Every structure is written in C-alpha cells, then in structure tokens.
There are 2 protein chains.
Amino acid sequence: MYCMRKVVSSGQPTIKEIAKRLNISVSTVSRALHDHHSIGLRTKTRVKQLAAEMNYERNQTAIYFQQGKTFTIGILLPELSEAFFSSAISGIEDTAYSNNYTVLLGQSHDDEDREKQIIQSMKQHRVDGCIVSIGKNTSSYDHFEMLQQARIPVVFFDRIPDLPNIHSVSCNLESGTVQAVDFLLKQGHRIIGMINGPETMVASKERATGYIKALRKHRLKYDPELIVNADLTATGTAEAMQYLLSLKRKVTAVVTFNDYVAMDAVQYALKQKLEINKDITFVSYANTPVSGYTAFPPAASVEQFPYEQGQAATNMLMSLLSGEQALNDYKHTIMESQLVIHHR
Amino acid sequence: MYCMRKVVSSGQPTIKEIAKRLNISVSTVSRALHDHHSIGLRTKTRVKQLAAEMNYERNQTAIYFQQGKTFTIGILLPELSEAFFSSAISGIEDTAYSNNYTVLLGQSHDDEDREKQIIQSMKQHRVDGCIVSIGKNTSSYDHFEMLQQARIPVVFFDRIPDLPNIHSVSCNLESGTVQAVDFLLKQGHRIIGMINGPETMVASKERATGYIKALRKHRLKYDPELIVNADLTATGTAEAMQYLLSLKRKVTAVVTFNDYVAMDAVQYALKQKLEINKDITFVSYANTPVSGYTAFPPAASVEQFPYEQGQAATNMLMSLLSGEQALNDYKHTIMESQLVIHHR
DNA sequence: TTGTAAGCGTTATCAC
DNA sequence: GTGATAACGCTTACAA
C-alpha cells in the first residue's frame with residue numbers, strides 16, 4: 001500500500017476541488033467550464049459560480065502538457081536595445097497577442113554559442129514556433145535544423161541565413177534605393193555619390209543594384225567611382241566623404257548607408273563649409289525618428305518598416321502553426337522599402 | 001474495456017520509449033539521466049547512449065506541470081520600442097538568462113485593459129514571478145493584487161504604483177538633478193530655468209526637489225517662477241521656452257525634462273537666434289545616445305541606468321524566488337541617477 | 001446529461 | 001541497484 005502523498009497544493013484551486021464540493025465528476029466540471037453543449041444549464045451555472053467564487057483559474061501548464069501545445073512562440077534576436085529590433089519585437093508581440101500567443105524572448109548579443117543555448121532552451125520549453133534574426137557571425141545552422149527536425153517551424157527575418165529551405169521575411173532595399181536616386185535626379189542632381197556598407201552584406205548589394213537601376217532608368221551612365229564601401233564608423237564615413245568630395249566630377253548629392261552615417265557625413269560636410277541641401281544633399285536609410293531632431297536631417301530616408309516586418313514574420317508563423325501553410329512550403333516574403341521625403 | 005488510444009506521439013522520444021527498448025523501467029531511465037548515485041555505471045551509460053542516439057530531449061512542459069514551477073518570468077512594460085524600456089529588457093533578459101530563467105514578454109501600450117489581460121495570461125502561464133512597469137493611466141491595481149494572492153512575486157520598476165506593500169526598483173532623480181544644477185552653478189549660471197514634466201508625476205517632483213536643494217546648498221534663493229510644468233510635446237516645450245525667455249531675470253541655462261525636450265528646446269532657442277552653450281546652456285535627463293548626433297546636444301544629461309535597473313529588478317525577483325528574501329519583506333531599491341557631462 | 005477512467009511525461013516514494 | 005506505481009491537473013472517448 002502506497003502512501004497517499006499529501007497534495008502540495010500550490011494554493012490554486014483545481015477542477016477536482018470544484019467537483020468534490022459540488023459532488024459531481026471532474027469531467028462534468030471541465031465540460032461546464034468549456035460550455036460543452038451536453039451540459040445542463042443548471043449544472044453549468046452552478047459550476048461557473050463556484051469556480052468564480054473560489055477564484056479558480058485553469059492551470060495552463062497542465063493543458064500545455066496534455067495538449068502538447070504551448071501557444072508560445074520564441075523570439076531570438078541579436079540585440080534588444082537596437083531600435084530596429086525593438087520596433088520589430090513590438091510588431092511581433094502585438095501580432096502574437098492578437099492571435100492569443102505569448103512571446104518568449106532571447107537575445108544572442110551576436111554570440112553564436114548563446115544563440116544555440118537559447119534555441120535549445122526554447123525547444124525544451126516546447127515553443128510552438130520561432131521567429132529568428134541571426135547573429136552577425138553565425139556560420140553554422142545546425143541548431144535551426146534541430147528545430148526543423150523537431151517540427152518546430154522557424155521564420156527568419158531581416159538577418160536571414162543563406163540556406164535553401166527556410167521561411168523568411170525581409171525588406172528589399174533595391175526599390176527604396178531606386179526611389180531615393182529618382183528623388184535626387186528629379187531635383188536635378190546628376191553626380192550622385194553613395195556611401196555603401198561592407199561589400200559582403202546582402203543589404204549593400206541591394207543598395208548598389210538599386211542605384212545602378214535608377215540611373216539606367218533615366219538613361220544615365222553609371223560611374224563605379226561614385227560608389228564607395230565604408231565600414232559605417234564615423235571615421236570611415238569621413239574618409240568616404242573626403243574621397244567623394246575629391247573627385248573631379250563634382251558630387252552634389254550622397255546616398256548614405258543609414259541615418260547615422262548620414263549624420264556623420266553631414267558633420268564632415270559642415271567642416272568643409274558646405275551648405276547642406278544647397279551645396280550638397282543627403283539621402284539615407286532607416287528613417288530613424290531622432291534624425292528629425294538633428295540640425296540637418298537627410299532630405300529623405302528609406303523606411304525599412306521593422307514593425308511591419310515583425311508583423312509579417314508573425315503572420316507567416318501563424319499560418320504555419322495553423323496548418324494553413326505547409327511546413328515544407330517555403331516562402332520568402334520580401335517587403336518593399338519606401339522613401340520618406342523630409343525636405344525638398 | 002477502454003480502447004487504448006493510439007499515442008499521438010509528437011515525434012519526440014520519451015523516457016518510456018527508452019525504457020522499453022532497453023527492457024528496464026522508466027524510473028531507472030529517469031534516474032540514469034539524472035546521474036542518480038544508485039544507478040549502475042553500465043545501465044547509466046547504456047541509457048545515456050541510447051538517449052543521445054534517439055535525440056531524446058526532456059519534455060519541459062511535463063516537468064513544469066509536475067513540479068509546479070516554470071523557470072519563466074513575465075515582463076510587462078508599456079512600450080517595447082521606447083529606448084529606455086528596450087535597454088531595461090536587455091538587462092532583465094541577460095540577468096534572467098544567467099539564472100536559467102526565460103522571459104515571457106508583454107507590452108501594455110499604456111492601456112489598462114491590455115495590462116490586465118497580459119497579467120492574466122502570465123498568471124495562467126504560471127510564470128514564477130513578474131517584473132512590471134505600469135502604464136501611464138493605470139489607476140487600479142487589482143490585477144497585481146491577484147498575482148500576490150496567487151503567491152506570484154512581482155517586482156515593479158521605474159514606473160511604480162503608489163501602494164504600500166510592493167517590491168520595487170527605481171531611480172531617484174533628485175541626486176542627479178542636484179548634480180546637474182551644481183554643474184551649471186559652477187559654470188557661473190545663476191538664473192537657471194527648468195522645464196519640468198506634469199506636476200503629478202513622481203519623477204517631476206524629484207526633479208523639482210533636486211533643483212531646490214542644489215540652490216539651497218549654494219545658499220541661493222529659489223525663485224518658483226523659474227520652474228515650469230510642460231506636457232513634453234514639442235509645442236508645449238516651445239511655449240515653456242517662450243515663457244522662460246520672457247522673464248525679466250535673464251535665464252542663461254535650462255534644465256529640461258529629458259533629451260527629447262532638450263532637442264525641442266534647442267530648436268526654439270535657435271529660432272530666437274540664441275547661440276547654444278553661449279547665450280544659453282541646456283542640461284537634461286536620460287543620456288540618450290542619439291542626442292550625441294544632434295548638432296547641439298545638451299551640455300550634460302542625467303543618466304538613469306535602464307539596463308542596470310532591469311538587472312536590479314531581476315536580481316530582486318531572483319532572491320524572492322529562491323526564498324532568500326521573504327515575500328512579505330518589501331524592499332524598495334533606489335538607484336542613484338548620475339550626471340554625464342558632454343560639453344563644458 | 002453525467003460519470004468513469006485513460007493518458008499526456010516526468011519525478012519521487014516505497015518495496016524488493 | 002532496480003522496478004512498480006501514484007501523483008501532478010486536465011481533456012476526452014466511451015459507458016451509462
């Protein structure tokens with residue numbers, strides 16, 4: 001005969017207790033609380049009343065366990081305090097919330113090991129799916145393949161890995177760049193420089209392609225001299241500016257990699273006694289709100305919609321979870337970037 | 001005789017399967033995997049080997065359920081995309097991570113109903129504890145009392161409710177304000193204005209008190225005319241500036257509510273053809289990194305350490321969860337703010 | 001309309 | 001050193 005272990009009773013009432021008090025079975029209580037059709041009105045109200053009285057609340061951990069589903073999605077991002085990602089999380093959380101999902105959070109700090117540990121932990125938590133933006137230096141993707149094998153769908157966004165079979169959402173900067181260069185051309189600029197990012201980045205390639213396409217559209221010749229790859233630091237930007245301003249063909253406008261680079265470039269131009277928006281005009285990316293507070297914000301900036309990217313990624317995950325989209329139906333949603341004009 | 005329901009088998013192997021394959025009992029498997037002392041080396045290795053082979057991973061949902069503990073903490077914040085809060089989350093997540101806790105996230109958008117729903121959802125998720133920064137308009141605290149009743153500890157931070165028995169972490173702005181005013185006085189400023197926030201905010205009161213204390217320290221008379229309460233919008237700030245500049249006593253420095261207000265105030269001053277840091281000097285709060293990119297950043301800014309506040313709140317929650325600190329031992333950790341000087 | 005009991009995966013208690 | 005089994009709270013197929 002085994003000892004009846006004393007129930008630890010977390011204090012929280014259970015359906016068992018409700019059942020005992022009403023002298024009915026737990027299944028009846030369960031069904032009553034779920035508004036099951038086969039339950040008599042009288043019993044139903046009695047149950048609900050007592051449940052309310054006892055402050056009953058269902059134990060989700062039991063339900064998760066029993067149903068093998070947690071209504072939780074894992075989010076893995078490099079850095080929560082980066083403006084781009086915090087907007088993205090905001091979009092993810094809002095969308096998840098309205099689909100009755102909650103959000104488990106982890107930041108990798110661009111560290112591959114930590115990334116693996118977080119994925120591991122999310123897998124153990126039995127999240128229903130994941131939304132991931134990979135770290136700068138992540139080179140092996142085994143941890144994500146483990147997730148796939150465990151049939152946990154993953155949607156990558158913004159920083160997506162170079163793999164064939166993945167679900168992803170990202171923002172194509174090509175169209176935004178075309179708009180940006182169009183904008184400058186319409187203002188009469190003909191010699192337009194570009195301070196681009198490291199050549200290796202997908203985002204840099206998209207910018208360059210957009211730049212060239214826009215010129216071609218206007219039947220203008222593309223001069224490779226005018227695009228310079230920089231490292232996005234303040235000094236790198238100053239050097240790039242120095243180079244561009246030293247060219248024989250007089251540059252009257254510059255497309256910069258992002259608003260921060262634009263600010264650094266503006267500082268350099270001011271030192272050279274150039275008048276912003278007259279001697280030289282800047283256009284950039286990200287549309288960071290704070291750049292509105294600077295003395296000389298870029299004349300226009302390409303919005304990359306982090307909040308919307310977060311929404312799109314979450315929606316895609318939701319259709320994967322609902323079965324609406326098959327797990328092996330790999331989709332790559334590409335959002336279009338868009339130029340926002342601040343000053344003509 | 002009841003039908004043996006076919007196991008749905010989420011695909012993930014269980015200790016049961018391992019036991020069957022090795023012809024031993026589940027308890028043995030469980031113990032082997034936990035390195036229980038009473039298990040023979042042979043069995044232990046056999047079990048571990050097979051487990052690895054089968055890609056066995058323990059089902060945390062089962063363990064959470066069984067142990068009544070989830071190693072998850074809930075975080076409720078007004079707005080994830082606000083720089084202050086995203087730094088705070090970053091600190092919370094890092095600390096939680098190193099204590100083997102994961103983080104469940106929710107944003108209230110300053111909406112009281114959503115706040116209640118999120119708390120409800122976290123309670124249902126059976127989080128072990130919560131870290132909360134309340135919404136602007138939250139006036140009833142029943143939802144938090146429910147948590148307390150359910151013995152789920154809550155640590156409030158930054159935006160803390162006006163209640164007697166709570167755990168909290170916040171940053172006292174009084175000392176930072178004293179430093180800020182000291183700084184200006186040492187530079188020779190004697191007529192110092194202050195654009196403060198709404199009178200109702202605790203943070204506004206702390207700023208005003210600090211301002212007055214600093215003057216008293218230097219045996220200077222406090223002129224109430226010099227403190228103006230504004231609504232933190234750009235137009236509100238412009239009005240406040242107009243008022244301050246209209247005073248008979250010539251204001252040469254202004255303490256603004258935060259860096260954004262400072263930027264707005266700078267814009268107004270520039271329009272009035274005032275030279276920044278010469279005709280008028282600004283000092284503010286938050287030490288937002290981007291203000292470094294503006295043409296005229298405040299000469300100094302009071303750092304409020306969001307990351308560290310997040311850490312402190314998480315550490316406090318950890319000691320509550322470990323029992324190191326009793327649930328009814330209400331502590332209010334007050335961090336000191338600190339002036340960061342950008343320009344002399 | 002309601003009750004009975006199996007089963008989800010794990011741990012822990014007890015017996016051998 | 002190992003096995004059998006209760007218990008955690010809930011849902012649900014089946015019986016009554």
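Since the model is a prediction, treat every value here as computed from it, not as a measurement. Within every chain, numbering begins at 1; the chains are lettered A, B, ... in the order of the sequence lines, protein sequences first and strands thereafter. FYI, side chains are in, hydrogens and waters are out, and symmetry mates aren't considered; it's all heavy atoms of this structure.
- Atom-to-atom, CZ of A/F71 to P of D/dC10 comes out at 17 Å; the value is rounded to the nearest Å.
- With rounding to whole Å, B/H36 atom NE2 is found 14 Å from C/dT10 atom C1'.
- In this structure, A/Y64 atom OH and D/dC10 atom P are separated by 13 Å, rounded to whole Å.
- Side chain of B/N99 to backbone of B/T95: a donor-acceptor contact under 3.5 angstrom is found.
- Phosphate proximity of D/dA7 to A/K16: absent, as no side-chain N or O sits under 4.0 Å from OP1 or OP2.
- Across the protein-nucleic acid pair, B/I18 atom CD1 and D/dG3 atom P stand 14 Å apart, rounded to whole Å.
- Scanning atom types as modelled, one donor and one acceptor separated by under 3.5 angstrom connect the side chain of B/R31 and the base of D/dG3.
- In the set D/dG3, D/dT2, C/dG9, C/dG9 carries the atom at the smallest distance from any side-chain atom of B/Q66.
- Not counting sequence neighbours, the partners of B/Y330 by the ring pair (Phe, Tyr, Trp, His ring centres under 6.0 Å) test are B/H167.
- Of the residues in residues 40-56 of chain A, those placing a heavy atom less than 4.0 Å from an atom of DNA chain C are A/G40, A/T43, in numerical order.
- Donor-acceptor pairing under 3.5 Å is recorded for the side chains of B/D94 and B/Y307.
- Nucleic acid contact class of A/I15 (heavy atoms, under 4.0 Å, all strands): base.
- One can place CD1 of B/I24 at 11 Å from C1' of D/dG1, the figure rounded to the nearest angstrom.
- In this structure, B/Q67 atom CD and C/dT10 atom P are separated by 12 Å, rounded to whole Å.
- Judged by closest nucleotide on DNA chain C, A/V26 is the one of B/S30 and A/V26 placed further toward the 5' end.
- A search for salt bridge (charged side-chain N to carboxylate O under 4.0 Å, His left out) contacts involving A/D110 returns A/R159, not counting sequence neighbours.
- The base of C/dT4 lies close enough to the side chain of A/S27 for a donor and an acceptor atom to sit less than 3.5 Å apart.
- A/K48 is linked by a salt bridge (charged side-chain N to carboxylate O under 4.0 Å, His left out) to A/D35, counting only residues two or more places apart in sequence or in another chain.
- Applying the ring pair (Phe, Tyr, Trp, His ring centres under 6.0 Å) test to A/F84 and every residue at least two apart in sequence or in another chain returns nothing.
- An OP1 or OP2 oxygen of D/dG1 is reached within less than 4.0 angstrom by no side-chain nitrogen or oxygen of B/S38.
- Using a 5.5 Å limit on the distance between ring centres and a 30° limit on the angle between planes, the aromatic ring of A/F65 does not count as stacked on the six-membered base ring of D/dC10.
- Residue A/N23 contributes atom CG, which lies 13 Å from atom P of C/dT2 at whole-angstrom precision.
- In this structure, the CG atom of A/L22 is 15 Å from the C1' atom of C/dG3, given to the nearest Å.
- The phosphate of C/dG9 (OP1 or OP2) has no side-chain N or O of B/T14 nearer than 4.0 angstrom.
- Taking only side-chain atoms of B/S25, from C-beta outward, the nucleotide of C/dT2, D/dA4, D/dT11 with the closest atom is D/dA4.
- Counting non-hydrogen atoms under 4.0 angstrom, B/R58 reaches the backbone sugars and phosphates but no base.
- Put simply, the side chain of B/T102 never gets that close to the backbone of B/T72: no donor and acceptor are under 3.5 Å apart.
- Residues satisfying the salt bridge (charged side-chain N to carboxylate O under 4.0 Å, His left out) criterion with B/D113, sequence neighbours excluded, are absent altogether.
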